[in-house]
2 protein chains.
Amino acid sequence: MSAAENQQLKQVLREHELKATTQRIALLKLLDATHEHFDAEEIYLELLKKQKNVSRATVYRSLEALAEQDLVTRLDFGDGRMRFERSKGEDEHHDHLICEECGKVIEFFNLEMEAQQLSVCEENDFTPSTHTMHIFGTCSDCKQTP
Amino acid sequence: MSAAENQQLKQVLREHELKATTQRIALLKLLDATHEHFDAEEIYLELLKKQKNVSRATVYRSLEALAEQDLVTRLDFGDGRMRFERSKGEDEHHDHLICEECGKVIEFFNLEMEAQQLSVCEENDFTPSTHTMHIFGTCSDCKQTP
DNA sequence: GCGTAAATGAGATTCATTCTTATTTTTAAA
DNA sequence: TTTAAAAATAAGAATGAATCTCATTTACGC
């Protein structure tokens, strides 16, 4: 089953004109297996656990290549390092509520908000490619324990 | 007139329990005088031009202290360094369209979008403090010259 | 299997930001 | 105005994420 998954990911990489290296496959497999928002260092350490031949530079370079092909998505929570997730379809796009106390990230999607964004772009003759909407504050858990 | 401005800024700083140092006053004066989104290094260089006694560390520390008191606002355009602007009133809040070609930043405000944000927070029992809404893409100028 | 272009590993490098320590300022009170 | 204590500053060292270098290895079309 892991073999089939490897085969499938190899396919995906080739379709995006990326060489199917063991490192890239392992990286995609890792992100496929979690819903967490890993940063590059965490990804590097996770990969090290599973196979010894990975370097930090490769993690960064692979993430860049994969992001360029929209196979992974960069997330900037404003704390100085980028997080990454496996890209979701257009219909699975989401924004984030970020708790400043505990760091928890709540994903949300609001159709009206997306519509407003498009209308703002139109008003300004601006062609959008991506957007980030982050609301910082305090989550319900942290409100209760002051 | 600069003396009066100094006096006024001194007042502002004291009201926020910050010592009114010449560096902080100069920093506020600089941000008051421009609509640009300077980064820390640019602020440092601008201040150096006007008076020789400033250090990078002080610029960073002052910006942190001023941001904490909401006298300046941090802007994260996702390019690896923070920008700063003089804080505007609640009613002057704005979000940003950021051109990926030329780096131009267009400010906008959309009341419905702000309302949607509040409703999302309510749905999630989340108390918002600040938010960032950045739309990346191509501005009208850059569309014309491909 | 072979050759070549592309990817990788290891570590050096860059760049924004933070920290350290000795010195200087601010400010409140004498 | 002088003075003392607390806070802020200057200068440069240190940190940490991300990028770059270059010698070595790997992927993959032939």
Side-chain angles (χ1 to χ4, degrees), chain A residues 6-7 9-28 30 37-69 71-72 74-84 103, chain B residues 6-7 9-28 30 37-69 71-72 74-84 103:
Chain A
N6 281 11
Q7 218 34 55
L9 290 174
K10 242 180 190 171
Q11 190 61 25
V12 170
L13 284 166
R14 286 186 182 140
E15 280 165 9
H16 289 267
E17 313 196 300
L18 294 173
K19 298 214 166 168
T21 65
T22 55
Q23 291 83 350
R24 288 171 180 175
I25 292 169
L27 176 27
L28 281 181
L30 173 65
H37 302 124
F38 285 136
D39 62 35
E41 182 69 15
E42 288 168 334
I43 291 171
Y44 168 63
L45 293 174
E46 285 296 318
L47 290 180
L48 263 193
K49 272 197 228 163
K50 308 197 170 158
Q51 46 174 110
K52 31 251 109 268
N53 52 321
V54 201
S55 77
R56 244 175 285 256
T58 296
V59 170
Y60 279 100
R61 276 181 303 222
S62 297
L63 286 169
E64 188 185 1
L66 293 169
E68 191 144 352
Q69 292 300 315
L71 292 173
V72 308
R74 313 176 97 94
L75 304 170
D76 180 358
F77 292 159
D79 65 346
R81 71 211 123 125
M82 283 293 181
R83 318 296 176 106
F84 298 86
Chain B
N6 281 11
Q7 218 34 55
L9 290 173
K10 240 179 192 171
Q11 189 61 25
V12 170
L13 284 167
R14 287 191 179 132
E15 280 164 9
H16 289 267
E17 312 194 301
L18 295 172
K19 298 213 165 166
T21 64
T22 56
Q23 292 84 346
R24 287 171 180 174
I25 291 169
L27 177 26
L28 281 180
L30 174 65
H37 301 123
F38 285 137
D39 64 35
E41 182 69 14
E42 288 168 335
I43 291 171
Y44 168 63
L45 293 175
E46 285 296 318
L47 291 180
L48 264 193
K49 273 196 228 162
K50 307 196 173 160
Q51 46 174 112
K52 33 251 105 270
N53 52 322
V54 200
S55 76
R56 244 175 286 256
T58 296
V59 171
Y60 279 99
R61 274 180 307 224
S62 298
L63 286 169
E64 188 184 1
L66 293 169
E68 191 144 351
Q69 293 299 316
L71 291 174
V72 307
R74 313 176 97 94
L75 304 170
D76 180 359
F77 292 160
D79 65 346
R81 72 210 122 123
M82 283 293 181
R83 316 298 176 103
F84 298 86

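On a predicted model such as this, the values are computed, not experimentally measured, just so you know. Just so we're on the same page: letters track the sequence lines, and every chain starts at 1.
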I need a per-nucleotide contact map over nucleotides 21-30 of chain C, read 5' to 3'. Cutoff is protein heavy atoms under 4.0 Å; write B for the base, S for backbone only, - otherwise. -----BS---
Can you give one letter per nucleotide of nucleotides 13-18 of chain D, going 5' to 3': B for a protein heavy atom under 4.0 Å from the base, S for sugar-phosphate only, - for none? ----SB
For the helix from dG1(C)-dC30(D) to dA30(C)-dT1(D), measure the angle between the helix axis at one end and the axis at the other, each built from five pairs, rounding to 10°.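 Result, rounded to 10 degrees: 30°.
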Using the side-chain hydrogen bond (donor to acceptor under 3.5 Å, both in side chains) criterion, which residues pair with Arg61(B)? Sequence neighbours excluded. Thr58(B)
Using atom [atom1] of [X] as one end and atom [atom2] of [N] as the other, report the distance to the nearest whole Å.
X	N	atom1	atom2	result
Glu68(B)	dA8(D)	CD	P	12 Å
Leu66(A)	dA7(C)	CG	P	11 Å
Ile25(A)	dA7(C)	CD1	C1'	13 Å
Leu28(A)	dA7(C)	CG	P	14 Å
Asn53(A)	dA7(C)	CG	P	17 Å
Gln69(A)	dA6(C)	CD	C1'	15 Å

Less than 4.0 Å between a side-chain N and a carboxylate O, is that true for Arg81(B) and Asp79(B)?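 Arg81(B) and Asp79(B): salt-bridged.
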Using heavy-atom distances to pick each residue's nearest nucleotide on DNA chain D, tell me which of Glu17(B) and Tyr44(B) is more 5'. Glu17(B)
Please collect all salt bridge (charged side-chain N to carboxylate O under 4.0 Å, His left out) contacts where either partner lies in residues 15-28 of chain B, sequence neighbours excluded, each pair once.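 Sorted pair list comes back empty.
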Can you find a pair of side-chain heavy atoms, one from [X] and one from [Y], that are under 4.5 Å apart?
X	Y	value
Leu27(B)	Val54(B)	no
Gln11(B)	Gln7(B)	no
Arg74(A)	Leu63(A)	no

Between Met82(A) and Asp76(A), is a side-chain contact (heavy atoms from CB on, under 4.5 Å) present by the stated rule, with each step listed? CA-CA 5 Å; Met82(A) 283 293 181; Asp76(A) 180 358; 3.8 Å; yes
Residue set satisfying ring pair (Phe, Tyr, Trp, His ring centres under 6.0 Å) with Phe77(B), at least two apart, ordered chain then number -> His37(B), His96(B), His134(B)
Quick one: is dA10(D) close enough that its OP1 or OP2 comes under 4.0 Å of any side-chain N or O from Thr58(B)? yes
Show the atom names and distances, to 0.1 Å, of all donor-acceptor pairs under 3.5 Å that link a side chain in residues 42-49 of chain A to residues at least two apart or in another chain.
unit_1: Glu42(A); atom_1: OE1; unit_2: Asp39(A); atom_2: N; d: 2.9
unit_1: Glu46(A); atom_1: OE2; unit_2: Lys49(A); atom_2: NZ; d: 3.2

Mind running side-chain contact (heavy atoms from CB on, under 4.5 Å) on Leu28(B) and Leu13(B) for me, showing each step along the way? CA-CA 10 Å; Leu28(B) 281 180; Leu13(B) 284 167; 3.9 Å; yes
Tell me every residue that passes salt bridge (Lys or Arg N to Asp or Glu O under 4.0 Å) with Glu41(B), counting only those two or more places apart in sequence or in another chain.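 Testing Glu41(B) for salt bridge (Lys or Arg N to Asp or Glu O under 4.0 Å), a comparison that skips the adjacent residues, returns Arg56(B).
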